[in-house]
Asks: 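Here you go, one structure.
Numbered from 1 within each chain, the chains take letters A, B, ... in sequence-line order.
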There are 2 protein chains.
Amino acid sequence: MAEKAAGGGVQSVERVFELLELITDAGGEVTLSELSSSTDLPLPTIHRLLRTLVTKGYARQLPNRRYALGPRLIRLGEGANKQLGALARPQLKHLVDSLGETSNMAVLDSDMVIYIAQVPSPHSMRMFTEVGRRAHTHDTGVGKAILAQLGDDAVRSIVARAGMPTPTEKSIKSIDELLEELGRIRGRGYSIDEQEQELGVRCFAMAVPNAPTPTAISVSGPVSRVDERFAEKAVPLLRAAAQTISDELNLAS
Amino acid sequence: MAEKAAGGGVQSVERVFELLELITDAGGEVTLSELSSSTDLPLPTIHRLLRTLVTKGYARQLPNRRYALGPRLIRLGEGANKQLGALARPQLKHLVDSLGETSNMAVLDSDMVIYIAQVPSPHSMRMFTEVGRRAHTHDTGVGKAILAQLGDDAVRSIVARAGMPTPTEKSIKSIDELLEELGRIRGRGYSIDEQEQELGVRCFAMAVPNAPTPTAISVSGPVSRVDERFAEKAVPLLRAAAQTISDELNLAS
DNA sequence: ATAATAATATCCATAATACGGAAACTAACT
DNA sequence: AGTTAGTTTCCGTATTATGGATATTATTAT
């Protein structure tokens with residue numbers, strides 16, 4: 001009767017994850033009726049679904065009677081993280097071996113990027129990021145590469161939610177400036193973080209095409225080493241690595 | 001007809017999470033038939049459930065045709081982590097304010113503990129652990145406090161899977177030694193990490209009772225400051241904090 | 001304090017949804 | 001090329017999830 005978007009999905013499963021996503025979107029705490037106005041599911045249905053989650057530990061009920069994400073999700077998230085990292089690490093390793101600079105992979109997490117995997121450069125230079133670390137989208141190479149894959153409206157809402165701090169004087173300061181830069185990135189196929197996150201650090205990044213979750217990889221290092229000549233070598237390698245990761249991610253059915 | 005364990009849970013939801021847990025248990029990659037022998041679900045059912053997860057991004061299918069955890073779980077896990085940490089942080093903060101030493105909360109994640117939240121001590125002493133970090137159970141205060149809540153059989157299988165490295169000469173070396181120690185912990189109500197993880201560092205830890213996922217909190221610092229007199233103050237405070245966290249976690253329906 | 005209001009939780013008849021046996025298909029091994 | 005093991009699709013069946021109506025509990029107003 002009702003035309004469902006997906007053909008053969010199990011409805012209660014789809015719904016339950018939709019609910020979990022909504023709870024996450026809302027910052028971790030939601031009331032039942034908030035959920036029923038966000039979705040167009042009737043209250044009893046939501047309640048039953050959530051009760052199942054609560055008894056299994058994937059959701060919790062707070063003193064407020066609000067619902068929140070449950071502790072057992074942590075393990076699953078960790079597992080997924082580890083797994084994805086394992087998939088990317090050989091490619092990142094190859095980049096580091098060829099280029100000599102630190103390589104990262106990150107995914108979009110709501111309105112920030114999360115670093116999923118890192119292979120540090122052999123140079124004894126401190127790492128600027130760490131796995132699990134969250135960063136803004138507008139001032140990082142991976143962030144901008146990811147944003148360039150999205151529509152302007154999505155970009156606006158992400159940046160509106162996350163804000164636009166300016167860690168250095170080179171950081172992008174306005175949404176218009178950012179949208180312009182994203183245009184350049186779309187044309188060029190990769191993004192450059194020109195000391196926007198930290199002075200003296202330059203980064204080249206590229207989106208992983210067709211990733212289920214928006215994903216990008218990057219190489220970064222001191223401006224002295226990471227220059228135009230570096231880019232000539234790095235960009236094709238980044239493209240190949242991104243493609244390989246994409247293939248591995250998307251090899252379904 | 002079939003007597004289901006849980007009264008009012010939504011079956012497909014329960015099953016789907018059972019599958020995700022099994023994938024995680026198996027180290028992130030499973031074949032369909034492995035799943036069907038672990039559960040007693042028929043293959044078509046598992047396949048349909050997984051296909052739903054795959055199309056939504058909560059599972060992935062690898063080139064091997066194996067199934068793995070999907071990237072969208074990362075965000076949910078992060079969200080749960082943040083949320084739980086937020087719940088514990090005021091209590092940890094209170095411990096640090098009263099005792100002047102670093103306080104942590106950790107949960108059991110399969111066969112290791114994961115640090116969920118930390119409030120560092122005001123002393124300029126480096127931190128030994130970081131949020132998100134995984135550690136063994138047998139050589140940490142939180143780990144032993146958590147193990148003491150479990151049965152001997154469960155402890156044995158956890159330690160068998162995780163192994164028993166001995167970072168210091170004070171570390172517990174055998175399963176029998178560990179089970180004895182757990183007995184003492186049960187009697188006393190709290191655990192002591194006596195330089196077992198790192199020389200010079202002592203830690204008092206206590207389980208959070210009735211947590212949906214086994215959970216413990218701790219205070220730790222240099223042996224010079226964290227001594228018997230310290231324990232007299234710390235233990236009642238730990239107990240109160242653990243109880244408060246427990247109440248907040250369990251205040252359901 | 002007490003009443004009015006709004007939220008959450010439970011019931012239960014209905015039928016739509018998920019189920020799983022059987023068969024088709026695909027890859028891996030001999 | 002033939003065989004086996006594993007994965008995927010089909011489809012009739014009935015079990016399972018559904019959601020309108022109702023009861024219950026919290027919250028706010030008086």
Asks: How long is the line joining CG of Leu43(B) and C1' of dC25(C), in whole Å?
Replies: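 My rounded result for the distance is 14 Å.
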
Asks: Quickly work out the Arg51(B) CZ to dA18(C) C1' distance and round it to whole Å.
Replies: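 Rounding to the nearest Å, CZ of Arg51(B) and C1' of dA18(C) are 14 Å apart.
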
Asks: For dA7(C) and Tyr67(A) - does any side-chain N or O of the residue sit under 4.0 Å from the phosphate oxygens OP1/OP2?
Replies: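 The answer is no; no side-chain N or O of Tyr67(A) sits under 4.0 Å from OP1 or OP2.
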
Asks: Please confirm whether the backbone N or O of Met112(A) pairs with a side-chain atom of Thr137(A), one donor and one acceptor, at under 3.5 Å?
Replies: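 Not at all, since once roles are kept as given, no pair shorter than 3.5 Å links the two residues.
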
Asks: Taking atom P of dA9(C) as reference, at what distance in whole Å does atom CG of Leu53(A) sit?
Replies: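 The answer, rounded to whole Å, is 14 Å.
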
Asks: Identify, residue by residue, the members of residues 30-39 of chain B with a heavy atom below 4.0 Å from DNA chain C, and return them in order of residue number, or none.
Replies: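 Those residues whose heavy atoms fall under 4.0 Å from DNA chain C, taken from residues 30-39 of chain B, amount to none.
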
Asks: Does a salt bridge link Asp97(A) with Lys93(A), judged by any charged N lying under 4.0 Å from a carboxylate O?
Replies: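 Counted as a salt bridge, because a side-chain N and a carboxylate O are separated by less than 4.0 Å.
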
Asks: Whole Å only: how far is the CZ atom of Arg66(A) from the P atom of dA7(C)?
Replies: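 Going from Arg66(A) (CZ) to dA7(C) (P), I get 12 Å.
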
Asks: I'd like a table of atom pairs between the protein and nucleotides 18-23 of chain D - only N or O on both sides, under 3.5 Å - with the distance next to each one.
Replies:
unit_1: dT18(D); atom_1: OP1; unit_2: Arg15(A); atom_2: NH1; d: 3.1
unit_1: dT18(D); atom_1: OP2; unit_2: Arg48(A); atom_2: NH1; d: 2.3
unit_1: dG19(D); atom_1: OP2; unit_2: Arg15(A); atom_2: NH1; d: 3.4
unit_1: dG19(D); atom_1: OP2; unit_2: Thr45(A); atom_2: OG1; d: 2.7
unit_1: dG19(D); atom_1: N7; unit_2: Arg48(A); atom_2: NH2; d: 3.3

Asks: Starting at atom CG of Leu19(A), determine the distance to atom P of dA17(D), rounded to an integer number of angstrom.
Replies: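 Taking atom P of dA17(D) as the reference, CG of Leu19(A) is at 15 Å.
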
Asks: For the ring pair Tyr58(A) and Phe17(A), is the centre-to-centre distance below 6.0 Å?
Replies: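 When the ring centroids of Tyr58(A) and Phe17(A) are compared, they turn out to be at least 6.0 Å apart.
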
Asks: Tell me the interatomic distance from Ile46(B), atom CD1, to dG21(C), atom C1', rounded to whole angstroms.
Replies: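 One finds 15 Å between C1' of dG21(C) and CD1 of Ile46(B), rounded.
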
Asks: Under 4.0 Å: is that the gap between some side-chain N or O of His47(B) and OP1 or OP2 of dT8(D)?
Replies: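 Indeed, a polar side-chain atom of His47(B) lies that close.
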
Asks: So among Leu147(B), Val107(B), Leu108(B), which one has a side-chain contact (heavy atoms from CB on, under 4.5 Å) with Pro214(B)?
Replies: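 Result for side-chain contact (heavy atoms from CB on, under 4.5 Å) with Pro214(B): Leu108(B).
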
Asks: Quick check against the 3.5 Å criterion: does His138(B) have a side-chain atom that pairs as donor or acceptor with the backbone of Pro165(B)?
Replies: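 Yes, because the side chain of His138(B) sits within donor-acceptor range (under 3.5 Å) of the backbone of Pro165(B).
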
Asks: Can you find a pair of side-chain heavy atoms, one from Arg75(B) and one from Glu21(A), that are under 4.5 Å apart?
Replies: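 Yes, at least one pair of side-chain atoms sits under 4.5 Å.
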
Asks: Please determine whether side chain to side chain contact (heavy atoms under 4.5 Å, CB included) holds for the pair Arg60(A) and Leu87(B), giving the CA-CA distance in whole Å, both sets of side-chain angles, and the decisive distance to 0.1 Å.
Replies: CA-CA 12 Å; Arg60(A) 299 180 294 122; Leu87(B) 190 150; 3.2 Å; yes

Asks: Which residues satisfy the side-chain hydrogen bond (donor to acceptor under 3.5 Å, both in side chains) test with Gln243(A), sequence neighbours excluded?
Replies: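 Once residues adjacent in sequence are excluded, the partners of Gln243(A) under the side-chain hydrogen bond (donor to acceptor under 3.5 Å, both in side chains) criterion are Asp247(A).
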
Asks: Rounded to whole angstroms, how far apart are CD on Glu14(B) and C1' on dA17(D)?
Replies: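 It is 12 Å, rounded to the nearest whole Å.
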
Asks: Over how many whole Å does the gap from Arg65(A) atom CZ to dT8(C) atom C1' extend?
Replies: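 Distance check: Arg65(A) CZ to dT8(C) C1' gives 5 Å.
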
Asks: Mind checking whether Leu95(A) and Val119(A) have side chains closer than 4.5 Å, heavy atoms only?
Replies: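 Contact flag for Leu95(A)/Val119(A) side chains = no.
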
